[in-house]
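Every heavy atom of this structure was used, including side-chain atoms; hydrogens, water molecules and symmetry mates were not. A note on names: the letters A, B, ... follow the listed sequences, proteins ahead of strands, and every chain is numbered from 1.
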Number of protein chains: 2
Amino acid sequence: MASRAKATILDIAREAGVSKSTVSLVLQGSGLIRPETAVKVRKAIEDVGYVYNRGAANLRKAHSNVIGMVINDLTNPFFAELAVGMERVFQAAGVVPFIANTAENPVRQEEVLKSLMEQGVAGLIVSPARGTTPGAFRRIETAGVPIVFAMRRLPDSRIPVITPDNHRGAVLATEHLIRKGHRRLAFFGGSSDLVVYHERLGGFLEACETLGIPSADRLIVEGETSRKGGMACLETALAAAESPTAALCFNDAVAFGVMLALRRRNLEAGADFAVVGFDDVTEAEHYSPALTSVAVDTAGLGERAAHVMLKMIQSRTTRAEDHIGAVSLVIRESSGPDRNKQVGDAA
Amino acid sequence: MASRAKATILDIAREAGVSKSTVSLVLQGSGLIRPETAVKVRKAIEDVGYVYNRGAANLRKAHSNVIGMVINDLTNPFFAELAVGMERVFQAAGVVPFIANTAENPVRQEEVLKSLMEQGVAGLIVSPARGTTPGAFRRIETAGVPIVFAMRRLPDSRIPVITPDNHRGAVLATEHLIRKGHRRLAFFGGSSDLVVYHERLGGFLEACETLGIPSADRLIVEGETSRKGGMACLETALAAAESPTAALCFNDAVAFGVMLALRRRNLEAGADFAVVGFDDVTEAEHYSPALTSVAVDTAGLGERAAHVMLKMIQSRTTRAEDHIGAVSLVIRESSGPDRNKQVGDAA
DNA sequence: CGCTATAAATGGAACGTTCCAATAAATCAA
DNA sequence: TTGATTTATTGGAACGTTCCATTTATAGCG
């Protein structure tokens, strides 16, 4: 079976009785070759079991057709949804995205980026790992390879970013809680080495300010952005002197953790303690009680990021505008008794 | 900034005052070069901002260092965990895995495989999409590129498979339910175009047989392998004349769906209807009630698959033994009142 | 000192493609 | 008929690496 030395363009040229140039033209779908010749060549390709060597091709061609998607945590369904959104667009454009996971580890990220670059990617969409150093992408920038950041930004970088309107989302959610009558509020989860954290926390604080919640009645508990982190946050909060009655969580994972911790204490999310999440992952709707959350249109942002990348590649530029995606509050049961059923308006 | 024509090995040779061959040797970490020379060269590499062109290298080298992981559904945390397990091993081996998602679509899978092959991957780990045609991998086999199937197998293929012991897992789970006193049992979710389905259902039926549950008291409901599918299954089952009191679900997603549907009917999983899942995803433990499930050591299977792949590449063979992973039943609340807290023994 | 053995560095050919300039064949104008 | 134009096809020179066979420098030994 396994025909030894793998077939090259010359083998199929010989097989079809044409020159290698002709085969190359056929491969690229050039309109210059006579249809009958093309058919003959394609048959030879099939017969020989030829596989195209893109590495060799890229040696001469300017651009490759592969795009790298670097994701900081694939096990988080949120980022998986993001990846899927991007994929849809790339597929339609005939581009194959390769996904690489950094597991929130900057060192791993470095390796992954290096490898992708060596592979000759046409562009990179990155959701940077926590703790990424500012210079981590300089190498790539000077190489002239377009990059787009998705969901997360770096403190002082000029790389275009596609992100939801975190500030506005946090404002919407916080206002919602205050309007429900809560006067002592908490912000749960996340840590200050993430720019997103500041954006979301900022929105929370602004809404508190505007609606007259004194800073003494705001509790901020940093923590892991996971279920476990959320559970810890709730424990901390309930141990406080004047404990809060409602919390905006950094993301849905934290919110799920909070709800679990509540249940363990025989408290009910919604009735005894209001919980609002962020990101509105698909699970949120199915939880019990269903989680009120800020919907960010994850897949839509993924699509947008992919489009921006394609545009950048096409116009061979390394610059693009940021995109701040609209958000909306999806009100479900976890934020309190089900009195008003309307959905928050989009930003 | 972006130094135009990107630097090659010759540029850095000139910069360092050595020959291109020397640079190549340094790049490969050959012990032949004098340490001081290596240092000089590495400095030049840094100064010039050189990026290695793996495509060019692969033109001469036998093997590339990239391995493709083709996953049928990245949004399913189960497969994401699998991917993460593989990654761990590959990272340690200095190999970079590229992940591609097929979204359970055979056509997409075809594209993805083609692209990966063109990229010159050293090997492929594949969780085949549902409905994959038997011949889909012939191309790759004849090209002599090693493949391993993970979690799923194809009906009549000689490609090595890494999979959990589905049959045994189903037997364990079913026995557990029967020992709890249930006499009318259901098997929920999945469909017969999946080999796994037959394995799991087979275990269920065998256990029923052995422990004397007549076939009239076994209900089999096919359905989507998702929450939604699970909800539908339960409705169907409760509508039956003599409805079952317990169900083994095809996977955890189905089980979650069943529990949601129970809650909507104001029934409690465990007390009113026993539910057992399959795969034991991390969520299972955190659900309420916590889900009894067959643990398959997902990440471990991923690691195993990666190891097998590395071994195949190293020994340049395209054959390897199948690996059937041990499973264990993790008993939690969803399968009935919390009387016995022990964990099922491994297969 | 000359000779061999070892260590370090090197030039050139090859890998599989693309692309340009050139050719060959067919068509048209005059 | 000849030349110009169009249509298909083709050889050869890149592209950036690796690897083999050499060359050059260094050391060892009698």
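- In this entry the distance linking CG of A/N53 with P of D/dG16 reads 16 Å, nearest Å.
- Using a 4.0 Å heavy-atom criterion, one finds that A/L27 contacts no nucleic acid atom at all.
- Rounding to whole angstrom units, CG of residue B/L32 and P of C/dA9 are separated by 9 Å.
- Not one side-chain nitrogen or oxygen of B/Q28 sits closer than 4.0 Å to the OP1 or OP2 atom of D/dT17.
- Between the side chain of B/S21 and the base of C/dG11, a donor-acceptor pair under 3.5 Å is found.
- Projected onto DNA chain C by closest heavy-atom contact, B/T22 and A/L59 fall at different nucleotides, the more 5' of which corresponds to B/T22.
- Whole-Å rounding puts the B/I9 CD1 to C/dC15 C1' distance at 14 Å.
- Distance, A/K20 NZ to C/dT18 C1': 9 Å, rounded to whole Å.
- Rounded to an integer number of Å, the gap from CD1 of B/I12 to C1' of D/dT17 is 12 Å.
- A/E118 places its CD atom 21 Å from the P atom of D/dC15, with the value rounded to the nearest Å.
- Of the candidate nucleotides D/dT9, D/dT17, C/dT17, D/dT9 has the atom lying nearest to any side-chain atom of A/T37.
- Comparing atom distances between the A/I33 side chain and each of D/dT18, D/dT9, D/dT17 picks out D/dT9 as nearest.
- The number of heavy-atom neighbours closer than 6.0 Å to CD of A/E36, taken from other residues, nucleotides and ligands shown, is above 12.
- For A/S19, taking side-chain heavy atoms from C-beta onward, the closest of the listed nucleotides C/dT17, D/dT10, D/dT18 is D/dT10.
- Considering A/E104, A/R130, A/R108 as possible partners of A/N72, the one that fulfils the side chain to side chain donor-acceptor pair (under 3.5 Å) test is A/E104.
- With hydrogens and angles left out, the side chain of B/R60 and the base of C/dA14 share a donor-acceptor pair within 3.5 Å.
- Under the side-chain contact (heavy atoms from CB on, under 4.5 Å) rule, B/F98 has a single partner from A/L116, A/V66, A/I99, which is A/L116.
- Residues B/I45 and B/L27 meet the side-chain proximity criterion, which asks for heavy atoms closer than 4.5 Å.
- Between B/S24 and D/dT17 there is no side-chain polar atom (N or O) within less than 4.0 angstrom of OP1 or OP2.
- If you check the side chains of A/S24 and A/S21, you find no donor sitting under 3.5 Å from an acceptor.
- Atom NZ of B/K61 is separated from atom P of C/dA14 by 20 Å (rounded to the nearest Å).
- Between B/R34 and the phosphate of C/dA9, there is a side-chain N or O to OP1/OP2 separation shorter than 4.0 Å.
- Rounded to whole Å, the distance from CG on A/N58 to C1' on D/dA14 is 15 Å.
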